[in-house]
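Take a look at the structure below.
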Amino acid sequence: MVKIIKFITSNQHKVKEARGIFEKFGIQLEHEDLGYPEIQGTLEDVARFGAQYAASKIKGPVIVEDAGLFIKALNWFPGTYSSYVQETLTNKGILKLMNDVEDRYAEFRSVVGYCTPKSEPEIFLGTVKGHLSYKERGNHGFAYDPLFIPDGFNRTFGEITREEKNEFSHRRISLEKFASWLKFNE
Ligand code: IMP
């Protein structure tokens with residue numbers, strides 16, 4: 001049986017990635033740009049609160065997702081400020097901060113929050129490890145993708161296709177954890 005779940009996000013890139021990832025799980029994703037208050041806190045706090053808020057508004061099962069880029073040499077900045085930093089500092093600003101920095105370790109984290117009007121929120125974390133490039137590379141993907149080289153690759157997320165990114169990205173891991181959980185819990 002196909003399950004229908006609403007993905008509450010304003011980011012079309014995320015919707016396209018999620019649809020690709022869910023294909024093999026028999027989950028049909030509907031998209032709604034409802035908007036929800038992004039509270040101050042960890043990715044987990046934001047996802048938990050957002051899912052609960054959206055499920056009560058929509059009156060049905062929803063997922064939300066909160067993600068960020070965490071750079072070790074910058075004390076895990078921008079992290080939960082990723083959205084604001086992307087809009088203000090941009091990728092060029094991040095590269096400036098990392099100008100002479102040798103330790104380029106970074107990771108993307110994605111937390112999916114799932115909730116129904118009758119249940120408490122559940123959260124699912126996905127992390128992908130890698131390092132930062134020295135310049136923006138590639139036109140695929142979005143936001144920080146042209147900066148991030150996943151472990152085992154020499155191309156950035158901006159230089160690979162959505163299908164390739166979907167094979168092992170942070171979002172793939174968090175959404176797949178959610179899909180497996182759903183299979184056994186609904
Ligand atoms: P959000 O709050 O989860 O929408 O994401 C925080 C910031 O990280 C936004 O600027 C996003 O565009 C960016 N971001 C989230 N996921 C990714 C990704 O998979 N690749 C590149 N940037 C991302």
Phe142: partners by ring pair (Phe, Tyr, Trp, His ring centres under 6.0 Å), with sequence neighbours left out: His13
Set of ring pair (Phe, Tyr, Trp, His ring centres under 6.0 Å) partners for Phe124, sequence neighbours left out: Phe178, Trp181
ring-ring contact (aromatic ring centres under 6.0 Å, His included): pairs with one or both residues in residues 89-112, sequence neighbours excluded: Phe108-Phe148, Phe108-Phe157, Phe108-His170
Any Asp45 side-chain heavy atom under 4.5 Å of Thr80 side chain: no
Tell me which donor-acceptor pairs under 3.5 Å the side chains of residues 83-90 have, and how far apart each pair is, sequence neighbours excluded?
residue: Gln86; atom: NE2; partner: Asn91; partner atom: OD1; Å: 3.2
residue: Thr88; atom: OG1; partner: Tyr84; partner atom: O; Å: 2.7
residue: Thr90; atom: OG1; partner: Lys92; partner atom: N; Å: 3.4

All pairs passing side-chain hydrogen bond (donor to acceptor under 3.5 Å, both in side chains) where residues 138-149 contributes a residue, at least two apart: Asp145-Lys165
Residues, nucleotides or ligands: over 12 heavy atoms within 6.0 Å of Lys3 NZ: yes
Residues that Glu30 engages under side-chain hydrogen bond (donor to acceptor under 3.5 Å, both in side chains), provided they are two or more places apart: none
Over 12 non-hydrogen atoms of neighbours within 6.0 angstrom of CD in Glu163: yes
Contact summary for Val15 and Leu29, nearest pair of heavy atoms: O-CD2, 4.4 Å
Ring pair (Phe, Tyr, Trp, His ring centres under 6.0 Å) partners of His131, counting only residues at least two apart: none
Backbone N/O of Glu136 and side chain of Ser133: donor-acceptor pair under 3.5 Å: no
Minimum heavy-atom distance between Glu159 and Arg155, given as atom pair plus value: OE1-CA, 3.4 Å
Separation between CG of Leu147 and CG of Leu132, rounded to the nearest 0.5 Å: 6.0 Å
Residue pairs passing the salt bridge (Lys or Arg N to Asp or Glu O under 4.0 Å) test where at least one lies in residues 32-41, sequence neighbours excluded: Lys6-Glu32
Side-chain donor or acceptor of Arg137 paired with backbone N/O of Ile149 under 3.5 Å: no
Under 3.5 Å, side-chain donor or acceptor atoms of residues 46-69 against the rest of the protein: list the pairs with distances, not counting sequence neighbours.
residue: Ser56; atom: OG; partner: Tyr53; partner atom: O; Å: 2.9
residue: Glu65; atom: OE1; partner: Lys14; partner atom: NZ; Å: 2.8
residue: Glu65; atom: OE1; partner: Arg171; partner atom: NE; Å: 3.4
residue: Glu65; atom: OE1; partner: Arg171; partner atom: NH2; Å: 3.4
residue: Glu65; atom: OE2; partner: Ser110; partner atom: OG; Å: 2.6
residue: Glu65; atom: OE2; partner: Arg171; partner atom: NE; Å: 3.0
residue: Glu65; atom: OE2; partner: Arg171; partner atom: NH2; Å: 3.3

Axial cation check for Phe7 ring with Arg19, 6.0 Å and 45° limits: no
Common cluster, Val128/Leu125, ILVMFWY with side-chain heavy-atom separation under 4.5 Å: no
Counterpart residues, side chain to side chain contact (heavy atoms under 4.5 Å, CB included), relative to Lys24 (two or more places apart): Arg172, Glu176
Ring pair (Phe, Tyr, Trp, His ring centres under 6.0 Å) partners of Phe153, counting only residues at least two apart: Phe168
Donor-acceptor pairs are to be reported for all side-chain atoms of residues 111-121 against protein atoms at under 3.5 Å, with residues two or more places apart or in another chain.
residue: Tyr114; atom: OH; partner: Glu186; partner atom: OE1; Å: 3.1
residue: Thr116; atom: OG1; partner: Lys118; partner atom: N; Å: 3.1
residue: Thr116; atom: OG1; partner: Ser119; partner atom: N; Å: 3.1
residue: Thr116; atom: OG1; partner: Ser119; partner atom: OG; Å: 2.8
residue: Ser119; atom: OG; partner: Thr116; partner atom: N; Å: 3.3

From OG1 (Thr156) to NZ (Lys135), nearest 0.5 Å: 10.0 Å
Trp76 with Val101, same ILVMFWY side-chain cluster at under 4.5 Å: no
Spacing of Glu44 atom CD and Ile123 atom CD1 [to the nearest 0.5 Å]: 5.0 Å
Test item: Leu182 and Ile5 side chains (from C-beta on) under 4.5 Å apart, heavy atoms: yes
Between CD1 on residue Ile71 and CZ on residue Phe77, distance to nearest 0.5 Å: 8.0 Å
